[in-house]
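Scroll down for the structure; my scribbles are underneath it.
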Number of protein chains: 2
Amino acid sequence: MKLQQLKYLCEIVKQNLNLTKAANALHTSQPGVSRQIQLLEQELGIEIFTRHGKRITHITQPGAAILEIAQKMLRDADNLKKIGQEFNDKESGTLIIATTHTQARYVLPPTIKRFIKRYPRIRLSLRQGSPTEISSWVSSGEADLAIATEAIELFDELIMLPCYEWNRSVIVPPQHPLLEIEELTLEALAQYAIVTYDFAFTGRSKINQAFAAKGLKPNVVLTALDADVIKTYVEIGLGVGILAKMAFDTERDTGLRVIDAAHLFEPSTTRIGIRRDSYIRHYIYDFIEMFAAHLDMDTVKGLLENPERLLSSVVSHK
Amino acid sequence: MKLQQLKYLCEIVKQNLNLTKAANALHTSQPGVSRQIQLLEQELGIEIFTRHGKRITHITQPGAAILEIAQKMLRDADNLKKIGQEFNDKESGTLIIATTHTQARYVLPPTIKRFIKRYPRIRLSLRQGSPTEISSWVSSGEADLAIATEAIELFDELIMLPCYEWNRSVIVPPQHPLLEIEELTLEALAQYAIVTYDFAFTGRSKINQAFAAKGLKPNVVLTALDADVIKTYVEIGLGVGILAKMAFDTERDTGLRVIDAAHLFEPSTTRIGIRRDSYIRHYIYDFIEMFAAHLDMDTVKGLLENPERLLSSVVSHK
DNA sequence: ATGACTTACGATAAGCGTAAAAATA
DNA sequence: TATTTTTACGCTTATCGTAAGTCAT
């Protein structure tokens, strides 16, 4: 059994059981891939794929079990290489951060500025996506860290490190009636058309919960994937916006007025997601600490080894 | 990077950094092993071993990190092979049980009898050792299951499945004064020389605790590794014995008298220990269920995935 | 001087890529 | 017929084992 065979196997699955595409992705020849898979099947004494004549159609039940372990082994092989790099040159390497629009645009910039100054030789890249995509990237090893607010608790190979709590603001055009009210209420909000996040994003469910708890049905006229779209439509008068507090920039967003709404909704917690069994290089610990000062290396290491402890720390945030 | 290189690496460490012995154990030549390790070090860009001239003396810090992952990968490779066997022939394979004298001699026989009748083509082997040895065998993959009472909670890659509770009996020669007492007490026991288990074994600590709690200092004149030695010395009048209840056989041990002592000591729980990340073949689940009827396949799978749940079930046993 | 690892080298075997064949859709 | 996988074959490369060399204890 060879690691390369396992790599071939994983790539074939990744390419939807298309051997030709897998061979291309692996920069090698189809016959070679075909052959190695046959050898692997022969050695394990199992048909990993079901074939209709000469066409691969499905993965078999044992094949799926084998795939899972193979993926794990390849991740471990990557970890070995990372250890090598780590001890060779602690200042160089790559860091791939998967995150959402809100984080990338409004939260991460200062941290990233500090990081690239401290580690100029690290190739840093940001990958933007939905919370679900983000999680799956980290889960599959395509990214090192996920930074988001929702839907990252679903993957249980990810450890979620709570970073900070935040809440919402309401934004309205200048001279909007809501600006006259003494204290903003959900009832008042519900009288206007609302522009806010899409369901999968940025604590949207907390917004729904708050209205539902009071028996209110908010009139949501637009669900956007990011705060900039929300702002745009609030500016043209489509409705009032509900967005993350940190997504409002007093200096830049001069065409809008902001009303704090922290008393109306449950706070949300932004978390860093990280694979449980990945080898974490020194500068990654450093990045995490730059982003959330309480998450120093020892703390993170402790949480990675004893994920149960997370429960208590998360609860204490609520 | 090749799996074989990792295998070489692990074997060298296992053989106390002796390359020659490792090569012999691997049925290959020293130069081959030497070369492959060099290639691995070169590929990872790391010195795995420190050498004094041409002699390997220590493993380096990164080397230790690499070793750990390498071992994990090799275990996964074994799991792949096991999956192959599992789907080829569910009725054949091997099962290595690491256990203590008490279990092997007094508890396991009926279960094993049933098992070999049900699975005549499984090569079953028992390996007897101290609780610590047992745990390390399972931990390293040399054995599939550990069955014992103590000291197996220490390895955190092992999941411990509670099987049954038991307590002690006191054994004495015929016509011993203790047989006349209405209800046995620790105070009464403490007046006689005591023969019992060695510290590492079979709930010995529970015995110490019970005496200590009453401020008694038992006069332990012999600590044995197994119940048969205890019986022998009780028979020749060295003292009274304290041993696991199930280790007394009314039919066979005719030269001794037994007094129940379950009210004097905290009960102990016998557990099955199993590696968290091992692939568990069908017949192993079956064996576990034969040994402890409440541990059916679904239950065990659940516990392996969510070890936290064990805590509650263990607590409820106390 | 013995034990232990590394280097050198020839034989064997494994893997790769091109070309051709087979089989599905 | 076009796409995809398998088989065939020659070439390159890597691996293994023996033998010789080098370095500590």
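Chain letters run A, B, ... following the sequence lines, proteins first and then strands; every chain starts at 1.
- Applying the ring pair (Phe, Tyr, Trp, His ring centres under 6.0 Å) test to every pair with at least one member in residues 115-141 of chain A, sequence neighbours left out, gives these pairs: Phe115(A)-Tyr119(A), Phe115(A)-Phe287(A).
- Take Thr60(B) and apply the side-chain hydrogen bond (donor to acceptor under 3.5 Å, both in side chains) test, not counting sequence neighbours, and it matches no residue.
- Taking CG of Leu40(A) as the start and CD1 of Ile66(A) as the end, the distance is 6.5 Å to the nearest 0.5 Å.
- The nucleotide range of DNA chain D contacted by chain B, defined by atoms under 4.0 angstrom from heavy atoms of the protein and reported 5' to 3', is dT15(D) to dA24(D).
- Chain B approaches DNA chain C within less than 4.0 angstrom (heavy atoms of the protein), and the contacting nucleotides run 5' to 3' from dG3(C) to dT7(C).
- Using modelled atom types, one side-chain atom of Asn88(A) and one backbone atom of Gly45(B) make a donor-acceptor pair closer than 3.5 Å.
- Against DNA chain C, the stretch residues 3-11 of chain B makes no heavy-atom approach under 4.0 Å.
- Within a 6.0 Å sphere centred on CD of Gln61(A), heavy atoms belonging to other residues, nucleotides or ligands number 12 at most.
- Annotation for Glu68(A): atom CD does not count as buried by contact number, only 12 or fewer foreign heavy atoms lying within 6.0 Å.
- Here the side chains of Asn24(A) and Leu26(A) are not in contact, with every heavy-atom distance at 4.5 Å or above.
- Between Gln36(A) and the options Lys2(A), Gln5(A), Lys7(A), a side chain to side chain donor-acceptor pair (under 3.5 Å) holds for only Gln5(A).
- Taken residue by residue, residues 26-49 of chain B places heavy atoms nearer than 4.0 Å to DNA chain C at Pro31(B), Ser34(B), Gln38(B).
- Partners of Tyr283(B) under the ring-ring contact (aromatic ring centres under 6.0 Å, His included) rule, at least two apart in sequence or in another chain, do not exist in this structure.
- The local environment of NZ in Lys14(B) is sparse, with at most 12 non-hydrogen atoms from other residues, nucleotides or ligands closer than 6.0 Å.
- Non-hydrogen atoms lying under 4.0 Å from DNA chain C are contributed by His52(A), Gly53(A), Lys54(A), Arg55(A), all within residues 50-64 of chain A.
- Rounded to 10 degrees, the angle separating the terminal helix axes of the helix from dA1(C)-dT25(D) to dA25(C)-dT1(D), each built from five base pairs, is 30°.
- In this structure, the side chain of Asp198(A) does not engage the main chain of Thr223(A) through any donor-acceptor pair within 3.5 Å.
- Ser34(A) places a side-chain heavy atom less than 4.5 Å from the side chain of Leu19(A).
- In summary, Arg118(A) and Glu91(A) engage in a salt bridge, as defined by a charged side-chain N under 4.0 Å from a carboxylate O.
- Looking only at distances, no side-chain donor or acceptor of Arg275(A) sits under 3.5 Å from a matching main-chain atom of Leu158(A).
- Interface residues of residues 17-25 of chain A facing DNA chain D, ordered by number: Leu17(A), Asn18(A), Leu19(A), Thr20(A); criterion, heavy-atom separation under 4.0 Å.
- Under the salt bridge (charged side-chain N to carboxylate O under 4.0 Å, His left out) criterion, the residue pairs touching residues 26-43 of chain A are Glu41(A)-Arg51(A), with sequence neighbours excluded.
- Residue pairs meeting the salt bridge (charged side-chain N to carboxylate O under 4.0 Å, His left out) criterion with at least one partner in residues 130-146 of chain B, sequence neighbours excluded, are Lys82(B)-Asp144(B), Arg127(B)-Glu142(B).
- Under the 3.5 Å distance criterion, the side-chain polar atoms of Asp76(A) are left unmatched by any main-chain donor or acceptor of Ile69(B).
- Comment: Lys81(A) does not engage Glu86(A) in a salt bridge, judged by the lack of any side-chain N to carboxylate O separation of less than 4.0 angstrom.
- Judged by distance alone, with hydrogens and angles left aside, the side-chain atoms of Arg281(A) form a donor-acceptor pair with the main-chain N or O of Ser92(A) at under 3.5 Å.
- Side-chain atoms of Gln15(A) and Glu11(A) form a donor-acceptor pair, as typed in the model, at a separation below 3.5 Å.
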